[in-house]
Amino acid sequence: MKTTSSFSEKVYAVVRKISCGQTLTYGEVARLAGSPHAARAVGTALSKNFAADVPCHRVLRSDGGLGGYNRGLKRKIALLKSEGVK
DNA sequence: CATTTGACGCCAA
DNA sequence: TTTGGCGCCAAAT
């Protein structure tokens with residue numbers, strides 16, 4: 001159990017629940033995290049996240065864009081492609 | 001404590 | 001349909 005109530009921790013928990021090949025948008029993650037209007041905060045939190053436990057590469061933009069990745073966009077694209085997500 | 005920045009999202013023109 | 005501007009939240013400086 002975690003006693004951390006930080007918003008970023010909630011975001012990590014949600015993203016960690018994403019199944020292989022499953023992709024969510026920042027807005028969806030924000031909503032699941034408890035703040036439906038904090039899409040921006042989700043990106044801010046993930047940008048500081050370097051935990052491999054959090055498949056942040058499965059979080060895309062509502063526009064269908066990839067957004068960004070703290071390991072390099074190329075890495076994100078490769079991972080999504082490997083999981084069957086285009 | 002106040003201000004700026006940032007992996008976003010939606011509405012208007 | 002595409003581009004621009006405004007609003008949202010959290011973390012960093």
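Values reported hereafter were calculated over all heavy atoms of this structure, with side chains retained and with hydrogens, waters and symmetry mates removed. Below, chain A is the first sequence line, B the second, and so on; all start at residue 1.
Closest to the Lys48(A) side chain, of the nucleotides dA7(B), dC8(B), dA12(C), is dA12(C). With distances taken from any side-chain atom of His37(A) to the nucleotides dC8(C), dC8(B), dA12(C), the minimum falls on dC8(C). Closest approach to the Ser35(A) side chain among dA10(C), dG9(B), dC8(C) is made by dA10(C) (side chain taken as heavy atoms from C-beta onward). Comparing dG9(B), dA10(C), dA7(B) against the side chain of Arg61(A) picks out dG9(B) as the nearest. Closest contact between the side chain of Ala38(A) and the listed nucleotides dG9(B), dC9(C), dA11(C) involves dC9(C). Checked against dA10(C), dA11(C), dA7(B), the side chain of Ala41(A) finds its nearest nucleotide in dA10(C).
Rounded to an integer number of Å, the gap from Asp63(A) CG to dC11(B) P is 12 Å. Distance, Asn70(A) CG to dA7(B) P: 11 Å, rounded to whole Å. Atom CG in Leu46(A) sits roughly 21 Å away from atom P in dT5(B) (whole-Å rounding). Taking atom CZ on Arg40(A) and atom C1' on dA12(C), their separation rounds to 15 Å, with Å as the unit. Rounded to an integer number of Å, the gap from Phe7(A) CZ to dA11(C) C1' is 11 Å. Here dC9(C) presents its C1' atom at 12 Å from NZ of Lys10(A), a figure rounded to the nearest Å. Remark: P of dC10(B) and CZ of Arg31(A) are 12 Å apart, rounded to the nearest angstrom. Straight-line distance from the CG atom of Leu66(A) to the P atom of dG6(B): 20 Å, rounded to whole Å.
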Distance-only donor-acceptor pairs under 3.5 Å for side chains of residues 47-57 of chain A, two or more places apart:
| from | atom 1 | to | atom 2 | distance (Å) |
| --- | --- | --- | --- | --- |
| Ser47(A) | OG | Gly43(A) | O | 3.4 |
| Ser47(A) | OG | Thr44(A) | O | 2.5 |
| Lys48(A) | NZ | Thr44(A) | O | 3.4 |
| Asn49(A) | OD1 | Ala51(A) | N | 3.0 |
| His57(A) | NE2 | Glu83(A) | OE2 | 3.2 |

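Minimum interatomic distance between Leu73(A) and Gly67(A) (heavy atoms only, all atoms of both residues): CD2-O, 4.0 Å. Looking at every heavy atom in both residues, Tyr26(A) comes nearest to Gly68(A) through OH-N, 3.8 Å. The two residues Val85(A) and Gly21(A) have their closest heavy-atom pair at CG2-O, 3.2 Å.
With both pairing distances under 3.5 Å, dA12(C) is matched to dT3(B) as a Watson-Crick or G-U wobble pair. Under the Watson-Crick or G-U wobble criterion, with both distances below 3.5 Å, dT1(C) has no partner in any strand shown.
Side-chain atoms of Tyr69(A) stay outside donor-acceptor range of the base of dA7(B), with no qualifying N/O pair under 3.5 Å.
Rounding to the nearest 0.5 Å places CG of Leu66(A) at 6.0 Å from CG of Leu60(A).
Comparing Thr44(A) and Gly27(A) against DNA chain B, the residue whose closest nucleotide sits nearer the 5' end is Thr44(A).
Under 4.0 angstrom from either OP1 or OP2 of dA11(C) there lies at least one side-chain N or O belonging to Ser8(A).
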